[in-house]
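Okay, structure first, notes after.
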Amino acid sequence: MHANCEQYDPASIEPFWQDFWERNGTFRASDPDERPRFYGLDMFPYPSGAGLHIGHPEGYTATDIVCRFKKARGFNVLHPMGWDAFGLPAEQYAIKTGTHPAQTTKANIENFRKQIKQIGFAIDWTREINTTDPDYYRWTQWIFLQLYRLGLVYVDEKPVWWCPELRSVLANEEVIQGRSEVGNHPVERRNLRQVVLKITDYADRLIEGLNDLDWPESTKRQQQAWIGRSEGAEVKFTIDTKAKPEVTVFTTRPDTLFGATYLVLAPEHPLVDSITDPSRMADVEAYREKARAKSDLDRTDLAKEKTGIFTGAHAINPVNQARIPVWIADYVLASYGTGAIMAVPAHDERDYEFAKEFQLPIQRVIEPGQSKGNGHTPELPFGGDGSLVHSGDFSGLSTAEARKKITDHLSQQDAGKASVNYRLRDWIFSRQRYWGEPMPMLWVNQEAWEKASANRETPVGRALPQGPVTSRIDDEVRYALPIPPEQLPLTLPEVETFQPAGTGESPLATIPEWLNVWFNTETGETLSQSEERPAGDEWVAARRETNTMPQWAGSCWYHLRYMDPDNKEALVDPEKEKYWQSPDLYIGGSEHAVLHLLYARFWHKVLHDVGAVSSDEPYRKLFHQGIILGDDGEKMSKSRGNVINPDVVIDAYGADSLRLFEMFLGPLEDMKPWNPSGIEGVHRFLKKVWRAFIGQDGKTSPKIITGGEEAKDLQKALHQTIHKVTEDIEGLRLNTAISQMMIFINQVTKAEAVQRSTAMAFLQLLAPFAPHMSEEIWARLGGEPGIANAPWPEADLSLLTSDSVKYVVQVNGKVRGELNTAKDTGKDEVLAAAKEIEKVASFLEGKTIRKEIFVPGKIVNFVAN
RNA sequence: GCCCGGAUGGCGGAAUCGGUAGACGCUGCAGACUUAAAAUCUGCUUUCCGUAAGGAAGUGGGGGUUCAAGUCCCCCUCCGGGCACCA
C-alpha cells in the first residue's frame, strides 16, 4: 500500500500518509506504559486570524524530529498540541465587529489545526487542549483557588499601567518604554483595584531552582536578573522633629553608612506629609504634583537631570548621630525596598549626581584596597570595594567585613537589620477584560465572611485562606469568598457589548444579573439576585469579582493537562503525572525567557506544594529556536511585504521540503534569513533520494539489490551517516544531520548498486525529517507500512575505523604534503617517510630541522630554518 | 551605562579536546543530454600573482601565547538580545 503516483508527487503522497497515521493512531501516546517515556513539548500557539506563520513550523519541526527519533528508539512518546486561545486580539475584534470572541477563536483554531496537520507532525491529536474550553479553564480556576487558599492572593489598589486605547490595565511586563507591548499605544498610571499574586514569596526558590535546569545559560541569567535578589540592610533613621518618627531605608552598602550625607524619600512615601516642615509644605506639594504628572518614561529616563526638593526635616544617622537633611526626589522609587534611601554620594553614582546638582556634602568613607601603587585615589564616586575611612570604630575594616559588622551593630542597637530585597514585584493578575478566565471569587460584607469562615468543613470553608482577603469597594470594606472547586467551572456569561466598562472594570461589570448574586456561604452555590433570595441564613448577598485572568494563566500549566486532557476529577491523574513527570524537551521562542517561563515555574511550584504534581520544576530541558527573517534580512512583517506563508511553500514543494528546509537553514538557535532559492536545494535532494531508490515506473529501482554484501565504501558511508545523524539529533544540530544525509545520497547516486537493507536503513534516518516521502519509499521497497514504528538503526562503529591513517605533513606550520600509512606505523618511520615526500624535501632543503612535531595519527610538523 | 550572544567565500552555513579553513546547500560559469525547453547529470567557483606547475594572503580590526590559532588570552569596532535611577 502506498500513494498512487509514478514520480515524486508530494501532493498525493503527503495526505495519504497523514491519513494513514491518523487511522492507525500511530502517534498516540499510551499511559500507563512499560516503555520509558519521552515528552516533547512545543510552546502552543495563539491561534491568530493571520494563520500559521513560517516561524511556527521551525520549532515544531525540531520537536517533531526528536519525537519521531525517540519513538524509533523505543520510547513511549507524548507529543501534543493545543491552543492558547484567550487573549486580546479576539476581544478587540469583537469590540470592532460584535463577533463573539468564542466564534472568532473557534474559526481560527480550525484554520490553525488544518495548517499544522498539513505539515505532518507526529502529534497525538486526541490530547488537543484549548485554554478557552470550560473543561480546561475550570482547572485554571481550580489552581487559582489553591493560590487563594495558600494566602498567595491579595487585592490592592495599585498604581498600574492603564492604556486608554486598549481601555485596560497592563502588567509591568506588558509595557515597554512607556507604550503597550500590544499595539504600541501610550500608557499612563492609574490607581485601580487589582488582584495580585504573591510570586515574591517564591523568589528564592525560583532562583535556586534554576541551578538544576538544562536551559540556555542566557535565559537562566535573564530570570535571575529579573528576580534581582539583593542582600543588604535596613537602617532606621530618626527624624529630628517633635514626634521623632523613624524612616527605614534599604541599602546594599551598610559599609558606607558613615558616608550618608542626606536621606531621600520617594515622593509617594507615606511619611512625607508628617515630616515636612510647614514652611516647605507648599514647595514639597508642588514637587509631588509634578512627579505624579510625569509619565514613567520621563521618570526613568536616565539622561534627565535629577530633580528633588528639601523637606526641611533632618534625620539622625544611627551610627554617628550626624544630622543630615531629608529630601524627596523621584529618582527614588516608592515600589522598591522601603521607598527611601540613605544617600552616599561619594560611593554611588546617582547620589553623587544629585549631590552635585543640589550642592550637598560628599564624604568619602572607602579607600580602594591594593591599587595604591600609583599614588592617587580614584575619582569619586567610587563604587568598588576597599577599606573604610572616616568611619569611627569601623575605620580600617574591609568593605566586606564592615558590611557584616555594621549590620550586626545596627541590630544590637535596634536601629536596623540584615534584609533582602527583590527587583521582582508581585504579579498583577487581573485584567479588565471579557475574554479571559473569570476569577472564582466574590465579595461580601464582614458578617457574611464571618459566617463562611466559622465552619471550615464546608466546601466554602475548606477553600478559605487563614486570614481574610479584603478590599475597599464603593467605600466599604468587602471580604472575598471563593466559589469552591465543587462549583467550577465558573463560565463566562454572555454580554451585550464587549466594550470595557471604561471605569477600569471589565465588561462583566455591565451585567447586573450576573454581577449581583445570592451566595450560599456553605455550598458555594450562587443564584442571581434577579431571583428571590432563597430561604436560609447561609444565603448572603454578594457581588462577583469582575476581573478576568491574564493570558499567562492558561499557559502556566498546560504541560500538565496534556498528560490527562479529559480528566473530570483532577487536573491530572497522579499516576499519569508520575509517569510523564514534565516535558523532557521544551522548544519555544526566547521572547518568553522571563514571563511565561517564570510564571509557569511559579505555578508549578505551588502545585507541587499542594501535592498536585510530583516534580518541582515544569521544564527540565529548554531550547529556543531562533527567529526566521525575511529574505531581505529584516524581521518578517506585513508592512515590509517580506512574509513567507507556509501554505504557499507546501503547495509548491510539499511539507517534507518545508520541514527539511527550515531545519537546513542554519543552527536551530540562530536568527537566520529565509532564502527562497535555498528551498530548491532541499527539494532537489528529496527528488534525488526518490530517484536513487525508485525507478521510472514508480517501483523499486533496478539499482536496488537483495542478497550479498554491501560494497565496503557504501557500507562505511551508511554507518558514518547513522552515527552522525543520531548524534546530531540528540544535540539538535539538525542542519548538519541533513548535510550528512546529502553526502550519503550523493554517494548512492554514484554507486552501481545498493543493497535494499542500506536503502531501508537510510530511509529510517530520513524519516524524522521527511516522514511522508520516507514512508512512501519504504512501502514501495516492501517495508511494513509505518516506518515510524520501525526501530532506529544502530551504527557499527567498528566499520568506521580503518587500518590506514593519513598524516598531514607541514613544514613550519604550512601543509606541504600528505602521507598515507598503516595505522600502527611508528613515529620514526612516519617522520622518515614524511621527509621523503618530494615537496616536503624541497622545503626542507638547505635548512636545519630544529624540531619535529608528531601527533599520532594526525599530523607531522617540521620546524626548520 | 551594565549583562549576554555573535562576526568565516558572491549568499546560508561547516569545521572549536588548538592540528589540511570553507563540508553541505544556494548562486554563477562551462559542458553533456534534448529539435528546443524544463528536469537531470559532469566539472569549476575564497582572493591575488601565474598559460600552467606552483606560490602568497586569508575566518571583523590590532596585539599576544604556541611547532601550529576561526578555535586560547588582552584591547578595539560593528551587529543582535536582555536590563535600565532596583539604592
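The figures here come from the full heavy-atom set of this structure, side chains too, leaving out hydrogens, waters and symmetry mates. Throughout, a chain's letter reflects where its sequence line sits, starting with A, and its residues are numbered from 1.
Using P as the reference atom, B/A7 and B/A15 are 12 Å apart when rounded to the nearest Å. The gap from the C1' atom of B/C48 to that of B/U42 amounts to 29 Å, rounded to the nearest Å. The C1' atoms of B/A14 and B/G25 are separated by 11 Å, rounded to the nearest whole Å. Taking the C1' atom of each, B/C83 and B/U47 are spaced 43 Å apart, rounded to whole Å. Comparing B/G31 with B/G22, their P atoms sit 28 Å apart, to the nearest whole Å. Comparing the same atom, P, in B/G10 and in B/G80 gives a spacing of 22 Å after rounding to whole Å. Between the P atoms of B/A30 and B/A37, the separation comes to 14 Å (whole Å). A distance of about 42 Å separates the C1' atoms of B/U71 and B/A87, rounded to the whole Å.
Taking only side-chain nitrogens and oxygens, A/Asn735 never comes nearer than 4.0 Å to OP1 or OP2 of B/C24. Proximity of A/Lys306 to the phosphate of B/C85: no side-chain N or O atom is located under 4.0 Å from OP1 or OP2.
Scanning both residues, A/Met43 and A/His592, for their nearest heavy atoms gives SD-ND1, 3.4 Å.
In this structure B/A56 sits in a base pair with B/U47, meeting the Watson-Crick or G-U test at under 3.5 Å. Across all strands shown, B/C2 forms a Watson-Crick or G-U wobble pair with B/G82, both key distances being under 3.5 Å. Across all strands shown, B/A7 is found opposite B/U77 as a Watson-Crick or G-U wobble partner, with both distances under 3.5 Å. Across the strands present, B/A30 finds its partner in B/U42; the criterion is a Watson-Crick or G-U wobble pair with both atom distances under 3.5 angstrom. Remark: B/G19 base-pairs with B/C67. Criterion, Watson-Crick or G-U wobble with two distances under 3.5 Å.
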Where do N or O atoms of nucleotides 25-29 of chain B meet protein N or O atoms at under 3.5 Å, pair by pair?
residue	atom	partner	partner atom	Å
B/G25	OP1	A/Asn746	ND2	3.2
B/C26	OP1	A/Arg684	NH1	2.6
B/C26	O2'	A/Ser677	OG	2.7

Give every pair of a protein N or O atom and an N or O atom of nucleotides 18-22 of chain B that lie under 3.5 Å apart, one pair per line with the distance.
residue	atom	partner	partner atom	Å
B/U20	N3	A/Glu818	OE2	3.4
B/U20	O4	A/Lys806	NZ	2.2

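Salt bridge A/Arg816/A/Glu838: absent, no basic N to carboxylate O contact under 4.0 Å. Between A/Arg403 and A/Asp385 there is a salt bridge, since a side-chain N of the basic residue sits under 4.0 Å from a carboxylate O of the acidic one. In summary, A/Glu357 and A/Lys306 do not engage in a salt bridge, as defined by a charged side-chain N under 4.0 Å from a carboxylate O. A/Lys835 has a carboxylate O that lies under 4.0 Å from a charged side-chain N of A/Glu852, or vice versa, which qualifies the two as a salt bridge.
As a whole-Å value, the separation of A/Gln223 CD from B/C4 P is 17 Å. Protein atom CD1 of A/Ile227 is 14 Å distant from nucleotide atom P of B/A84, rounded to whole Å. At whole-Å resolution of the value, CG in A/Leu333 and P in B/C83 are 16 Å apart. Per the geometry, CG belonging to A/Leu424 stands 14 Å off C1' belonging to B/C83, to the nearest Å. Between the CD atom of A/Glu634 and the C1' atom of B/G80 there is a distance of 12 Å, given to the nearest Å. Across the protein-nucleic acid pair, A/Arg733 atom CZ and B/G13 atom P stand 17 Å apart, rounded to whole Å.
When each of A/Ser739 and A/Pro667 is assigned the nucleotide of RNA chain B with its nearest heavy atom, A/Pro667 is the one assigned upstream, toward the 5' end.
Here the nucleotide nearest the side chain of A/Asp348, chosen from B/U40, B/A14, B/A87, is B/A87. Counting only heavy atoms from C-beta on, A/Tyr331 has its side chain closest to B/C85 among B/C85, B/A14, B/C3.
Residues A/Phe854 and A/Tyr807 bring their aromatic ring centres within 6.0 Å. Ring-centre distance between A/Phe354 and A/Trp327: below the 6.0 Å cut-off.
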Sequence-aligned protein contact record of nucleotides 47-58 of chain B, with B where the base is within under 4.0 Å of a protein heavy atom and S where only the sugar-phosphate is: --------SSS-

